[in-house]
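Just so it is clear: chains get the letters A, B, ... in the order the sequence lines come, proteins before strands, and each one is counted from 1. Small disclaimer: the values here were computed from a predicted structure and weren't measured. Computation of the quantities below employed the complete heavy-atom set of this structure, encompassing side-chain atoms and omitting hydrogens, waters and symmetry-equivalent molecules.
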Number of protein chains: 2
Amino acid sequence: MAEAASRQSYLRDGAEIYARSFAMIRAEADLAGLAPVAERVMVRMIHACGMTDLPRDVEMSGDFAGQAEAALRAGAPILCDAKMVAFGVTRSRLPAHNAVICTLDDPRVADMARDAGTTRSAAAMELWREQLAGSVVVIGNAPTSLFRLLEMFDAGAPRPAAVIGIPVGFVGAAESKAALAADGRVPFLVVHGRRGGSAMAAAAVNALASERE
Amino acid sequence: MAEAASRQSYLRDGAEIYARSFAMIRAEADLAGLAPVAERVMVRMIHACGMTDLPRDVEMSGDFAGQAEAALRAGAPILCDAKMVAFGVTRSRLPAHNAVICTLDDPRVADMARDAGTTRSAAAMELWREQLAGSVVVIGNAPTSLFRLLEMFDAGAPRPAAVIGIPVGFVGAAESKAALAADGRVPFLVVHGRRGGSAMAAAAVNALASERE
């Protein structure tokens with residue numbers, strides 16, 4: 001078996017591991033109809049979660065991949081709801097030394113969350129406001145962040161270039177992603193249902209950031 | 001529908017979101033036969049990935065949960081293969097201000113990987129050696145790290161108190177986890193197959209670190 005790995009003979013070459021992984025994904029997953037950039041995003045998200053059935057839950061607006069890639073090339077900041085997302089973005093892949101921002105640990109956030117009666121994740125986004133216009137927003141953890149983003153649009157907040165909205169979990173996750181997909185005001189990527197998370201979200205950014213596999 | 005969420009009426013109370021999420025998980029997932037600490041670990045891992053069928057792939061050695069929990073209480077360092085794992089560990093849950101260590105960015109690692117003909121993730125573990133005895137090892141990303149850990153044991157390296165071995169992906173992931181489960185020298189948690197990853201790995205640590213839900 002060519003793919004067999006054992007404690008004695010496992011593959012150690014990082015580049016070769018990536019190449020074989022991506023070949024396995026392309027052989028198994030249904031990637032039909034995806035334009036090249038969207039295909040790259042899908043493959044890397046599958047790579048991050050190990051599940052080749054992921055495409056059945058993924059929805060990207062027609063303008064998502066192009067707008068997000070162009071924004072990153074133009075230097076857009078990457079606004080993340082969770083530190084795990086921010087630390088999953090591979091800095092050496094970024095095309096314009098883009099800022100990667102997570103405001104969750106800002107000392108003002110705890111008070112802001114208490115005053116607004118919401119989660120720290122949702123409150124932290126108020127601190128994004130000045131950088132929101134033309135940014136790439138990446139929500140990989142908190143449904144409340146994604147709901148809050150839509151409320152900010154309702155209240156006239158500047159629009160990002162694209163939103164990766166893939167919070168994971170049981171309460172509000174599926175609903176917040178359905179709300180983003182139905183909203184129509186910004187180019188979006190969602191993973192419908194309960195699946196999602198920081199690793200998938202960071203993988204989408206890493207795919208958009210560079211053609212390198 | 002009590003659980004319905006919309007843009008107008010989504011749940012904003014973080015504690016209530018956790019409580020409802022964990023109740024949904026306990027209602028849906030097969031947690032039969034798990035001792036309390038192991039059950040807590042399983043619930044939090046499911047919470048991190050949104051998939052209630054996860055238990056069918058999870059294997060914990062009989063001594064894993066008790067040994068890992070006791071080690072953390074005694075102040076064991078937490079050795080992580082990836083920054084996303086390290087940043088997913090909630091510091092306020094740790095019972096003894098435990099050190100959370102990821103050596104991947106150490107400036108020596110690139111040269112070490114080249115000299116050893118392996119990945120940076122595997123090479124970085126050489127820098128764990130002095131802290132390995134009695135530690136909690138958490139591998140959420142690289143199969144090569146998990147294979148390398150077993151080689152280090154073969155070569156006489158000190159034993160950790162417990163190993164969370166849940167790399168994700170397509171090349172070597174399932175094989176490395178099967179090898180850990182078959183090894184028998186250390187208490188272990190694995191997620192068999194391709195699933196796994198940093199979020200699940202950090203969730204397991206967070207569950208072991210505190211009884212708080």
Side-chain angles (χ1 to χ4, degrees), chain A residues 3-7 10-14 16-18 20-25 46-52 82-88 113 116-122 140-144 147-148 150-151 154 168-176 179 183 193-199 202, chain B residues 3-7 10-14 16-18 20-25 46-52 82-88 113 116-122 140-144 147-148 150-151 154 168-176 179 183 193-199 202:
Chain A
E3 297 293 345
S6 73
R7 291 182 47 179
Y10 64 90
L11 194 59
R12 290 164 173 79
D13 179 326
E16 181 66 17
I17 292 170
Y18 267 99
R20 287 200 200 179
S21 298
F22 289 169
M24 290 170 75
I25 292 166
I46 293 170
H47 181 252
C49 69
M51 297 181 285
T52 53
K83 282 183 287 184
M84 284 187 77
V85 176
F87 281 93
T118 190
T119 64
R120 287 176 57 235
S121 296
N141 186 47
T144 50
F147 278 127
R148 181 68 196 131
L150 296 174
E151 291 176 342
D154 291 344
V168 60
F170 295 87
V171 173
E175 295 87 345
S176 67
D183 184 77
R194 291 172 171 178
R195 292 192 290 186
S198 304
Chain B
E3 297 293 346
S6 74
R7 292 183 46 179
Y10 64 91
L11 194 59
R12 291 164 172 79
D13 179 327
E16 181 66 18
I17 292 170
Y18 267 99
R20 286 200 199 178
S21 298
F22 289 168
M24 290 170 75
I25 292 165
I46 292 170
H47 181 253
C49 69
M51 297 181 285
T52 53
K83 283 182 288 184
M84 285 187 77
V85 176
F87 281 93
T118 191
T119 64
R120 288 176 56 236
S121 294
N141 185 48
T144 50
F147 278 127
R148 181 68 195 131
L150 296 174
E151 290 175 343
D154 291 343
V168 61
F170 296 87
V171 173
E175 295 87 345
S176 66
D183 184 76
R194 291 171 170 178
R195 292 192 291 185
S198 305

*Given that the side chain runs from C-beta out, which part of B:Arg148 has a heavy atom under 4.5 Å from chain A: side chain, backbone, both or neither?*
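Both parts, backbone and side chain.
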*Between B:Ala48 and chain A, which part of the residue has a heavy atom less than 4.5 Å away: side chain, backbone, both or neither?*
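Only the backbone of B:Ala48 comes within 4.5 Å of chain A.
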Below 4.5 Å, heavy-atom pairs only: which of [options] has the largest tally toward chain A?
options	answer
B:Asp183, B:Val168, B:Ile46	B:Val168
B:Ser21, B:Gly197, B:Ala174	B:Ser21
B:Met51, B:Lys83, B:Arg120	B:Met51
B:Phe22, B:Phe87, B:Tyr18	B:Phe87

*asked:* Before you tell me yes or no, could you show the steps for B:Met84 and B:Asn141 under side-chain contact (heavy atoms from CB on, under 4.5 Å), namely the whole-Å CA-CA distance, both residues' side-chain angles and the distance that decides it to 0.1 Å?
replied: CA-CA 9 Å; B:Met84 285 187 77; B:Asn141 185 48; over 6 Å; no
_Contact origin within A:Ala199 toward chain B - heavy atom pairs under 4.5 Å_ =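 Its backbone and side chain both get close to chain B.
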*So, does A:Arg12 use its side chain to make a donor-acceptor pair with the main chain of A:Tyr10 at under 3.5 Å?*
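Checking the backbone N and O of A:Tyr10 against the side chain of A:Arg12, a donor-acceptor pair under 3.5 Å is found.
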*List the atom of B:Ile17, the atom of B:Leu11, and the distance in Å for their closest heavy-atom pair.*
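Closest pair (atom of B:Ile17, atom of B:Leu11, distance): CD1-O, 3.5 Å.
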*asked:* Do A:Arg20 and B:Phe170 make a side-chain contact, defined as non-hydrogen atoms from C-beta onward lying under 4.5 Å apart?
replied: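 No, their side chains stay 4.5 Å or more apart.
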*Got A:Cys49 and A:Arg195 here, is their nearest side-chain heavy-atom distance under 4.5 Å?*
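No - every pair of side-chain heavy atoms lies 4.5 Å or more apart.
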*Results of side chain to side chain donor-acceptor pair (under 3.5 Å) for B:Thr52 - residues two or more places apart only*: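 If we apply the side chain to side chain donor-acceptor pair (under 3.5 Å) test to B:Thr52, skipping adjacent residues, the hits are B:Glu28.
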